[in-house]
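All values derive from a computational prediction rather than experimental measurement. Atoms within each ligand, like the ligands themselves, are counted from 1 in listed order.
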Amino acid sequence: MLLIDGKAISEQIKSELKIKVETYKQRTGKVAGLSVIIVGENPASQVYVRNKAKSCVEIGMRSEVIELPATISQADLLKRIDELNHNPDVHGILVQQPLPKHIDDFAITLAIQPEKDVDGFHPENVGKLCIGRLDECFISCTPFGVIELFKRYQIQTEGKHCVIVGRSNIVGKPMAMLMMQKLKQMNATVTVCHSATPNISDFTRQADILIAAIGKANFITAEMVKSGAVVIDVGINQIDDATKKSGKRLVGDVDFDGVSKLASAITPVPGGVGPMTIAMLLSNTLTSFERHYHLS
Ligand code: NDP
């Protein structure tokens, strides 16, 4: 069984990006910059945003965290986004979710200039992904990170049956769109399951490649997996664990102990897909910079 080490691959990607950032700095006198807006004081969001900013700095990119109060009006938030859209030193803009209830998420997504939408959530980027213009869009970081793992581990996906459990706009749907692209390292036959899928294991048991993005701890058990399948666990769930000092532990959507006994390859949680998401965010930000300055 191959343990897919997303942590190690993400470190490798970051060191490759660091070299590029420095090379471009010498050529243009500029560095790529990511601006992250956080609204309110959600502790989990604060941890994510801090990690993103820290990773930017690690590879020599400029990073800015804009902390705004939960009471900010939608109009004022849109104004801040517009300023970033017009700032030539900002190549990537990200608004951390979730947002307070009085703010319309979609209006915020639409406000970010597609050329700086390094999360890949703007409909223009989603549309380009759907029609296969991958070199002209930004791809949602988590599914993009999964594809990068397939590439770097040379996992064959072409002609395979890929079953994805979950159809969210940020993971399941873009994952399905990517896996069906007519490109090597993708080019799979794709089935998408969700909460209205009856007898879900009838589908998951057919998967050569099984991708779980559900948000339910240990949902995928060994009986649901075909022997020899490649299993990608996107889920991040906190469960109680009295043996830990914090009383909590992170687990994925896949019952790792059971499923790892029959999978040919599997991602752990933590240390699988999670670190890849940040690496691809940095990669997208550098891609935005490259497009802006016509570099490659
Ligand atoms: P969402 O809650 O937006 O989507 C969950 C999906 O799972 C939905 O499509 C839902 O179906 C489906 N689902 C829920 N329950 C069932 C069920 N019983 N049977 C079948 N399908 C079900 O979550 P996200 O896509 O945002 O995230 C999924 C998981 O991945 C979470 O644990 C999240 O924390 C993690 N995550 C990890 C990232 C990383 O970097 N590793 C990044 C982003 C997310 P329906 O559409 O019918 O409701």
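- Using a 4.0 Å cut-off to heavy atoms of Gly215, the atoms of ligand 1 that qualify are 28 (C), 29 (C), 31 (C), 32 (O).
- Heavy-atom separations between Asn237 and ligand 1 include at least one value shorter than 4.0 Å.
- At least one N or O atom of Ser168, backbone or side chain, sits closer than 3.5 Å to an N or O atom of ligand 1.
- Under a 4.0 Å criterion applied to the non-hydrogen atoms of Gly274, ligand 1 contributes the atoms 40 (O), 41 (N).
- Those atoms of ligand 1 that come under 4.0 Å of a heavy atom in Gly166, given as number and element, are 6 (C), 7 (O), 9 (O).
- Taking every heavy atom of Ile170 and a limit of under 4.0 angstrom, the matching atoms of ligand 1 come to 26 (O).
- Residues passing the ring pair (Phe, Tyr, Trp, His ring centres under 6.0 Å) test with Tyr153, sequence neighbours excluded: none.
- No N or O atom of Ala196 sits closer than 3.5 Å to an N or O atom of ligand 1.
- With side-chain heavy atoms closer than 4.5 Å counting as contact, directly or through intermediates, Val269 stands alone and belongs to no larger hydrophobic cluster.
- Ligand 1 lies less than 4.0 angstrom from a heavy atom belonging to Ala213.
- The backbone and the side chain of Val234 each have at least one atom closer than 4.0 Å to an atom of ligand 1 (non-hydrogen atoms only).
- Scanning the protein for heavy atoms near atom 14 (C) of ligand 1, the closest one is Ile214 CG2, 3.6 Å.
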